[in-house]
Amino acid sequence: MALVGVFAGLIVAVTILCESHADRNVYPSAGVLFVHVLEREYFKGEFPPYPKAGDSSNDPITFNTNLKGYPDRPGWLRYIQRTSHSDGVLYGSPTAEHVGKPTIIEITAYNKRTFETARHNLVINIMSTEEFPLPYQAEFFIKNMNIEEMLASEVLGDFLGAVKNVWQPERLNAINITSALDRGGRVPLPINDLKEGVYVMVGADVQFSSCLREVESPQNQLRCSQEMEPVISCDKKFRAQFHIDWCKISLVDITKVVPVHSNRPDRGTGVLPDIGEYNPPSESLKSRDYFADFLITLAVPSAVALVLFIILGYSMCCRREGVEKRNMQTPDIQLVHHSSIQKSTKELRSMSKNREISWPLSTLPVFHPVSGEVVPPIHPDNYETTSMPLMQTQTNLQSQIQIPQQQSSGDNYCMSTFRRLEVNGIPEERKVAEALNL
């Protein structure tokens with residue numbers, strides 16, 4: 001009997017198939033989940049077969065659904081189709097407002113191989129029910145399911161059977177199914193077989209069981225706040241097939257909910273009131289003088305800019321203090337200090353131009369090799385060497401000075417020749433050793 005009740009809750013719509021090209025009629029109940037599958041096999045007969053006999057027809061077919069005479073579907077009806085090789089699904093939960101109003105849905109099938117279309121009508125006749133609405137409603141979030149997987153009758157029947165074993169109601173119906181993406185969820189990464197997640201709302205006629213109430217305990221609420229899984233005793237009855245996020249479960253008792261009545265404005269007929277015929281302007285237009293507009297848009301800003309330019313020029317050119325006024329406002333001690341620094345700088349610069357550098361001793365003869373007397377420097381001490389080049393060239397040879405040196409054995413002497421050179425007009429001596437055997 002329990003299975004009979006479960007499957008009775010799954011019979012959410014009765015489809016009456018008429019002859020080909022006729023309308024389909026379905027009879028869902030208000031407040032109960034409505035699911036209608038758009039089978040590709042049903043529409044394949046509307047398209048021509050493959051050119052070669054025996055080839056299997058697997059045309060890519062997509063569907064477009066809309067309310068007849070309107071560009072979109074009713075607000076309570078949704079549609080999903082993952083790929084062009086899978087069936088489409090219409091699903092939703094009609095309310096009592098739609099009872100007795102036939103809803104005609106136009107279904108257009110597009111064959112992407114032949115670029116042909118086929119159109120059928122689906123007539124939805126919403127029926128009233130005494131059980132609507134069920135007073136106790138619970139919404140579960142299933143993490144390991146996608147919306148099209150959960151809409152399958154076998155999967156939905158297994159879930160309702162698990163809920164019935166935990167809740168133990170007399171009447172149990174699926175009220176609505178919503179994808180987590182419609183609630184602001186993110187598309188999962190294509191790894192580890194992750195799913196989008198589905199919210200499933202079910203209704204029953206008895207109060208919530210103690211197992212469902214366990215999530216409201218302080219310990220489980222604390223674990224949920226710390227992003228930990230709560231401890232639910234009946235979770236093992238779902239775990240084999242459904243992974244439920246118990247922290248997102250919602251338990252609503254509509255008998256305790258205070259109804260909120262909103263005053264909606266009365267809808268009009270949609271026709272504008274008759275206010276007479278439209279009188280367009282005459283073809284002959286009067287001339288218009290734009291001189292005042294020119295003054296306002298161009299002359300006035302130009303005049304303001306000119307005044308600002310004159311004020312700025314007067315402030316920068318005619319109001320300068322000058323050097324004399326600056327010196328008069330500067331203390332005398334500061335002027336004296338600045339003048340002394342300036343004079344010292346000029347004196348250092350003049351001294352740097354006339355500085356004298358003495359010759360290194362390593363390049364001059366120190367003593368006479370025979371007599372032992374100190375040999376004075378050949379060049380004068382006061383001649384300027386600041387302009388002497390770093391690399392000396394032996395040019396302009398004028399004279400030679402020979403100084404005899406005694407050898408170690410015998411009475412032979414060797415002559416050392418000192419060449420007097422001039423580089424850039426400056427006399428210079430360098431020692432050039434020449435071995436002369438006397």
Side-chain angles (χ1 to χ4, degrees), residues 62-82 84 88 90 92-95 97-98 101-112 115-117 119 121 124 147 178-189 196 199 258-331 334-335 338:
T62 59
F63 299 96
N64 183 30
T65 59
N66 62 282
L67 184 63
K68 187 174 182 179
Y70 295 88
D72 203 354
R73 297 176 299 275
W76 62 270
L77 188 62
R78 284 166 287 183
Y79 169 75
I80 186 172
Q81 184 184 14
R82 289 290 179 178
S84 58
L90 285 169
S93 180
T95 61
E97 299 177 356
H98 305 93
K101 301 177 182 178
T103 303
I104 302 176
I105 304 296
E106 291 182 343
I107 302 174
T108 305
Y110 296 91
N111 190 325
K112 292 187 175 182
F115 302 101
E116 294 183 344
T117 61
R119 179 170 295 176
N121 292 335
I124 303 176
I147 183 67
T178 308
S179 174
L181 301 182
D182 298 334
R183 298 282 189 92
R186 302 181 62 180
V187 178
L189 296 175
E196 299 171 359
Y199 289 90
V258 178
V260 178
H261 299 281
S262 58
N263 296 326
R264 297 181 180 180
D266 296 334
R267 297 183 180 181
T269 59
V271 180
L272 295 177
D274 186 10
I275 56 177
E277 296 182 355
Y278 172 70
N279 296 322
S282 61
E283 297 181 358
S284 60
L285 299 177
K286 297 181 180 180
S287 62
R288 181 180 176 184
D289 187 11
Y290 292 95
F291 182 74
D293 297 338
F294 169 77
L295 293 179
I296 295 175
T297 58
L298 186 62
V300 174
S302 301
V304 174
L306 180 61
V307 172
L308 295 177
F309 178 77
I310 294 174
I311 295 174
L312 181 62
Y314 175 76
S315 302
M316 297 184 63
C317 301
C318 302
R319 299 286 297 175
R320 299 185 64 181
E321 295 181 351
V323 179
E324 297 180 358
K325 185 175 181 180
R326 184 195 63 188
N327 293 342
M328 292 178 60
Q329 295 180 355
T330 305
Q334 187 175 356
L335 293 176
H338 177 72

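Since the structure is predicted, the reported quantities are computational estimates derived from the model, not experimental observations. Below, all heavy atoms of this structure are taken into account, side chains as well, without hydrogens, waters or symmetry copies. Throughout, residue positions are numbered sequentially from 1 according to the sequence presented.
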Handout entry: Qualifying residues under side chain to side chain donor-acceptor pair (under 3.5 Å), relative to E106, sequence neighbours excluded
Key = N66
Problem - Contact check, side chains of N121 and I105, non-hydrogen atoms, under 4.5 Å - result: no
Completion exercise
Sorted by chain and number, sequence neighbours left out, side chain to side chain donor-acceptor pair (under 3.5 Å) with T95 holds for H98
Exercise for the section: Kindly indicate whether the side chain of R78, heavy atoms from C-beta on, has any atom under 4.5 Å from the side chain of D182. Expected result: yes
Handout entry: Closest approach of L181 to V187 (non-hydrogen atoms, all atoms of both residues)
Key = CD2-N, 3.9 Å
Practice task
Determine which pairs satisfy salt bridge (Lys or Arg N to Asp or Glu O under 4.0 Å) with at least one residue from residues 295-307, sequence neighbours left out, and list them in order.
Solution key: none
Practice task
List for me each residue that meets side-chain contact (heavy atoms from CB on, under 4.5 Å) alongside Q334, sequence neighbours excluded, and say none if there are none.
Solution key: T330, P331
Handout entry: ring-ring contact (aromatic ring centres under 6.0 Å, His included) partners of F63, counting only residues at least two apart
Key = F43
Exercise for the section: Just jot down the side-chain contact (heavy atoms from CB on, under 4.5 Å) partners of S93, sequence neighbours excluded, or say none. Expected result: I175, N176
Handout entry: ring-ring contact (aromatic ring centres under 6.0 Å, His included) partners of Y199, counting only residues at least two apart
Key = F141
Practice task
Provide the closest heavy-atom pair for R82 versus I80 in the form atom of the first, atom of the second, distance.
Solution key: NE-CD1, 4.1 Å
Practice task
Could you pull out all residues at least two apart from R183 that satisfy salt bridge (Lys or Arg N to Asp or Glu O under 4.0 Å)?
Solution key: E139
Exercise for the section: Check the pair T108 / Y110 against side-chain contact (heavy atoms from CB on, under 4.5 Å), numbers first and verdict last. Expected result: CA-CA 7 Å; T108 305; Y110 296 91; 3.6 Å; yes
Problem - Residues in side-chain contact (heavy atoms from CB on, under 4.5 Å) contact with P188, at least two apart in sequence or another chain - result: L194, E196
Problem - Considering all heavy atoms, the nearest R73-L90 contact - result: CD-CD2, 4.0 Å
Fill in the blank from the handout: Nearest heavy-atom contact between G92 and L77 is N-CD1, 4.5 Å
Only pairs under 3.5 Å count here: list side-chain donor-acceptor contacts from residues 293-315, not counting sequence neighbours, and write none if there are none.
| unit_1 | atom_1 | unit_2 | atom_2 | d |
| --- | --- | --- | --- | --- |
| T297 | OG1 | D293 | O | 2.7 |
| S302 | OG | L298 | O | 2.8 |
| S315 | OG | I311 | O | 2.9 |

